[in-house]
Protein chains: 2
Amino acid sequence: MVPVTEQAGTSDGARPMRADARRNYEKIVAAAREVFAERGAEGSLDEIARRAGVGPGTLYRHFPTREDLIDELMRDWTSRVVADSDNAVAAGRPARETLVRWFDDLVRHLTLHRGAAAKLSAAMDDRSSPIFRKCQQLADANERVVRHLAETGELRRGVEPRHLMRLVAGVAVVADAAAVTDEEIAAMLGIVIDGVVLDPAPS
Amino acid sequence: MVPVTEQAGTSDGARPMRADARRNYEKIVAAAREVFAERGAEGSLDEIARRAGVGPGTLYRHFPTREDLIDELMRDWTSRVVADSDNAVAAGRPARETLVRWFDDLVRHLTLHRGAAAKLSAAMDDRSSPIFRKCQQLADANERVVRHLAETGELRRGVEPRHLMRLVAGVAVVADAAAVTDEEIAAMLGIVIDGVVLDPAPS
DNA sequence: TGCTAAACGGAGACTGTCTCCGCATTCCTG
DNA sequence: CAGGAATGCGGAGACAGTCTCCGTTTAGCA
């Protein structure tokens with residue numbers, strides 16, 4: 001059991017943060033949430049520092065790169081997606097229905113902030129990226145869902161989870177860059193799903 | 001018959017460019033080709049001006065935005081893709097094979113320069129973008145291929161060409177951002193194709 | 001309370017975008 | 001071929017963003 005006092009910015013094992021550092025850390029995270037929500041994942045970092053009421057130096061000490069900051073914003077978020085994948089598996093619904101829900105969740109989460117989907121999908125193969133681990137978690141969650149369906153024999157042979165992950169990431173990226181309606185996203189995901197499930201699709 | 005002396009930068013209908021202007025225009029295009037090839041579609045515009053041996057002002061007069069420059073680099077390129085689509089239709093191959101070739105062409109062309117795929121797919125819905133017309137041409141070419149296959153009855157009902165266009169653009173974008181092998185690209189496109197063709201897929 | 005390690009923050013170096021306008025070049029006309 | 005608009009040039013510099021360095025401040029402990 002992890003102590004409930006475990007909080008953002010608390011070192012994992014290292015010495016606890018000084019009170020002022022913790023305070024600033026949290027102000028920065030709050031400001032980042034604001035700015036990213038307004039301006040997307042490419043919002044100005046100095047602007048975030050300004051809104052947080054700290055100097056740029058302070059921001060960069062806590063978060064050496066933009067990705068580190070994004071990583072922090074995605075902290076709880078990722079675990080929620082992972083939980084969604086567990087539910088998807090546990091529910092025992094037919095493959096098509098499971099995938100519709102799961103992909104929809106995935107896209108919705110990937111496009112939380114404008115520009116985030118592109119960052120995430122770029123980091124998927126970049127071990128040096130601070131958000132690489134997050135991407136791995138998402139990919140693992142996806143793999144769990146896909147493997148589960150494969151075992152029930154409802155998917156075509158040879159379907160690789162990572163290809164589906166990338167396809168869905170692709171959908172998320174274009175949906176994020178251009179203004180694509182939810183219906184269109186659903187239609188695109190529908191094509192992908194038709195491409196991997198075995199059961200006869202209508203028409 | 002269009003006069004053979006018609007050249008890049010020659011106005012369409014307006015007064016011909018002054019000799020020095022034409023010279024600079026071409027130096028800029030050559031430099032842009034270099035820089036974009038080396039650094040991707042986000043390469044520095046001032047760097048392009050420097051290599052072309054002109055001032056930034058000159059570059060911006062000829063090409064007010066980065067997209068205008070990309071547009072010029074894609075001049076002949078787009079027509080080649082359009083020709084490919086005509087060939088694809090004319091060959092009269094089975095749907096699956098036609099799509100494999102066509103999507104492969106599309107992805108290869110979209111990822112010509114790093115970052116270009118993202119720009120293209122963002123411009124697809126942005127009427128104000130200088131490259132919007134290019135995107136339309138690509139989309140039209142795709143629509144021709146898809147509609148043709150639909151008419152031969154080899155595709156599932158309700159498949160919208162623009163959804164396929166976006167899906168393929170998505171594949172191109174993720175392939176471009178991350179380092180994805182040709183085999184993986186083919187596999188992803190294969191899933192999309194399985195999602196739209198009617199004939200029984202192997203396994 | 002006084003000391004030390006930790007953290008702060010802002011000046012400023014650097015890079016990239018983009019504009020403005022005095023100067024140079026072209027090319028037309030007489 | 002000369003002269004004068006018209007056209008185009010180009011670089012200084014405003015502006016915005018990233019990121020660092022280091023003198024100053026502060027927290028937390030003894």
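We name chains A, B, ... by the order of the sequence lines, and we start the count at 1 in each one. Values reported hereafter were calculated over all heavy atoms of this structure, with side chains retained and with hydrogens, waters and symmetry mates removed.
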Which pairs pass side-chain hydrogen bond (donor to acceptor under 3.5 Å, both in side chains) with one or both residues in residues 158-171 of chain B, sequence neighbours excluded?
-> E184(A)-R162(B), D125(B)-R166(B), E160(B)-R162(B)
Name all residues meeting the salt bridge (Lys or Arg N to Asp or Glu O under 4.0 Å) criterion together with R101(B); count only those two or more places apart in sequence or in a different chain, and write none if there are none.
-> E97(B)
Check the distance between [N]'s [atom2] and [X]'s [atom1] and give it to me in whole angstrom.
{"X": "I48(B)", "N": "dT15(C)", "atom1": "CD1", "atom2": "P", "answer": "17 Å"}
{"X": "L59(A)", "N": "dC19(D)", "atom1": "CG", "atom2": "P", "answer": "10 Å"}
{"X": "L69(B)", "N": "dG16(C)", "atom1": "CG", "atom2": "P", "answer": "16 Å"}
{"X": "E42(A)", "N": "dG16(C)", "atom1": "CD", "atom2": "P", "answer": "16 Å"}
{"X": "R51(A)", "N": "dG17(D)", "atom1": "CZ", "atom2": "P", "answer": "12 Å"}
{"X": "R39(A)", "N": "dA16(D)", "atom1": "CZ", "atom2": "C1'", "answer": "12 Å"}
{"X": "E67(B)", "N": "dT17(C)", "atom1": "CD", "atom2": "P", "answer": "12 Å"}
{"X": "L45(B)", "N": "dG10(D)", "atom1": "CG", "atom2": "C1'", "answer": "16 Å"}

Answer yes or no: does a side-chain N or O of S44(A) lie under 4.0 Å from OP1 or OP2 of dA16(D)?
-> no
Enclosure of R66(B) CZ (heavy-atom neighbours >12, cutoff 6.0 Å) = yes
Classify the nucleic acid contact of R66(B) as base, sugar-phosphate or nothing, counting any heavy atom under 4.0 Å across all strands shown.
-> sugar-phosphate
For R23(B), answer base if it contacts any base atom (sugar-phosphate contacts may also be present), sugar-phosphate if it contacts only those atoms, and nothing otherwise; contact means non-hydrogen atoms under 4.0 Å.
-> sugar-phosphate
With sequence neighbours left out, what residues match T152(B) under side chain to side chain donor-acceptor pair (under 3.5 Å)?
-> E154(B)
Any chance you could list the contact pattern along nucleotides 6-11 of chain C? Use B for base contacts, S for sugar-phosphate-only contacts and - for none, protein heavy atoms under 4.0 Å, 5' to 3'.
-> BSBBB-
From CA spacing to verdict: side-chain contact (heavy atoms from CB on, under 4.5 Å), L73(A), V29(A) | CA-CA 7 Å; L73(A) 294 190; V29(A) 170; 3.7 Å; yes
Name the residue closer to the 5' end of DNA chain D, choosing between A19(A) and D46(A) according to the nucleotide with the nearest heavy atom.
-> D46(A)
Determine which pairs satisfy salt bridge (Lys or Arg N to Asp or Glu O under 4.0 Å) with at least one residue from residues 168-178 of chain A, sequence neighbours left out, and list them in order.
-> none
N/O donor to acceptor pairs below 3.5 angstrom from side-chain atoms of residues 35-43 of chain B, sequence neighbours left out:
unit_1, atom_1, unit_2, atom_2, d
E38(B), OE1, R51(B), NH2, 2.8
E38(B), OE2, R51(B), NH1, 3.1
E42(B), OE2, K119(B), NZ, 3.2

